[in-house]
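Written below as structure tokens is the structure these notes are about.
Computed from heavy atoms alone, side chains included, the values below leave out hydrogens, waters and symmetry copies.
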Amino acid sequence: MRERSDIRGGSRAAAFLLCAFLGASPAAAQELTTSLVDIHQGSWLSDRARGLGNGGYELQDGSWVSFNRWYHSNWVDMHVDFLTQLTENSGILWGFGTGEQAEKYRIAPSLKLGFLTQTHPSLNSTLSLSVTSTFGGNLTEKPCVADYGELGTYSVNCRLAAGETAPEETLKYLVNATPERLRLWLNYRVTF
């Protein structure tokens, strides 16, 4: 026997909570609809993480160590965005990112919240405004442990371990990046 998920029931429960929070009647929650707005994989943070895998270094015995194996992920951060319509001209934008991870970096999962509103200045025009905020989703690079023989063992930036920079100084160059936190979008459309 297969278990079925009731997405519609979950959306309805969320709608009731949202209406209660906004002070609307429970009957209004029955009228709310949720639509899939966008689904995509990857972001500029995913691209940056993959770019960290370019290059490598040569060990003392002459063998090559590629960065690619440390910065290769089997899953690319997926983003899914929805719109829950509150009125004919307004709605709540919400969504999430799954995050991604490899041996030497991690993109944390994220949550997106915002709103969309529109007005019609004339019969054939629409002015819309949306604001969204993203929580989480940071890209953090992890250090390596490098053995420098007589000099000792250090926690270092993997990509700079074989360079001329002092081992302890390389940690300053670990990547720690954040996604776009706040997005404001204003659109004016005229149809002929």
- Task: Sort out for me which residue in Leu116, Ile92, Thr117, Thr33 forms a side chain to side chain contact (heavy atoms under 4.5 Å, CB included) with Leu86.
- Result: Ile92
- Task: Tell me, with the steps shown, if His79 and Asp81 meet side chain to side chain donor-acceptor pair (under 3.5 Å).
- Result: CA-CA 7 Å; His79 297 265; Asp81 297 327; 5.9 Å; no
- Ser73 (side chain) donor-acceptor with Gln101 (main chain) under 3.5 angstrom: yes
- Atom of Cys158, atom of Pro143 and distance for their closest heavy-atom approach: SG-C, 3.9 Å
- Item | Spacing of Leu186 atom CG and Ser130 atom OG [to the nearest 0.5 Å] | 9.0 Å
- Query: Is the backbone N or O of Thr98 less than 3.5 Å from a side-chain atom of Asp77, with the two atoms forming a donor-acceptor pair by type?
  - Reply: yes
- All heavy atoms of Leu45 vs all of Pro179, minimum pair found to be CD1-N, 3.7 Å
- Query: Within a radius of less than 6.0 Å around CD of Glu168, do more than 12 heavy atoms belonging to other residues, nucleotides or ligands occur?
  - Reply: yes
- Query: Hey, is CZ on Arg181 packed in by over 12 heavy atoms from elsewhere, all under 6.0 Å?
  - Reply: yes
- Measure the shortest side-chain to side-chain distance between Ile39 and Met78 over non-hydrogen atoms and say whether it is less than 4.5 angstrom. yes
- Check: Leu182 and Val131 side chains under 4.5 Å, non-hydrogen atoms: yes
- Query: Do Asn124 side-chain atoms and Thr191 backbone N/O form a donor-acceptor pair below 3.5 Å?
  - Reply: yes
- Message: So, taking the atom named CD in Glu180 and the one named OG in Ser43, what distance separates them when rounded to the nearest 0.5 Å?
- Response: 10.5 Å
- Item | From CG (Asp38) to OG (Ser35), nearest 0.5 Å | 13.0 Å
- Any chance you could measure Leu139, atom CG, to Leu52, atom CG, to the nearest 0.5 Å? 7.0 Å
- Query: When rounded to the nearest 0.5 angstrom, what is the spacing between OG1 in Thr178 and CG in Asn138?
  - Reply: 6.0 Å
- Task: Report the C-alpha distance between Tyr148 and Val156 in whole Å, list the side-chain angles of each, state the deciding distance to 0.1 Å, and finish with yes or no for side-chain contact (heavy atoms from CB on, under 4.5 Å).
- Result: CA-CA 11 Å; Tyr148 289 94; Val156 295; 3.8 Å; yes
- Query: Among Lys142, Arg48, Glu100, whose side chain to side chain contact (heavy atoms under 4.5 Å, CB included) with Tyr105 holds?
  - Reply: Glu100
- For the atom pair CG (Leu111) and OG (Ser133), what is the distance rounded to the nearest 0.5 Å? 9.0 Å
- Check step by step if side chain to side chain donor-acceptor pair (under 3.5 Å) holds for Tyr173 and Glu141. CA-CA 9 Å; Tyr173 301 102; Glu141 185 178 12; over 6 Å; no
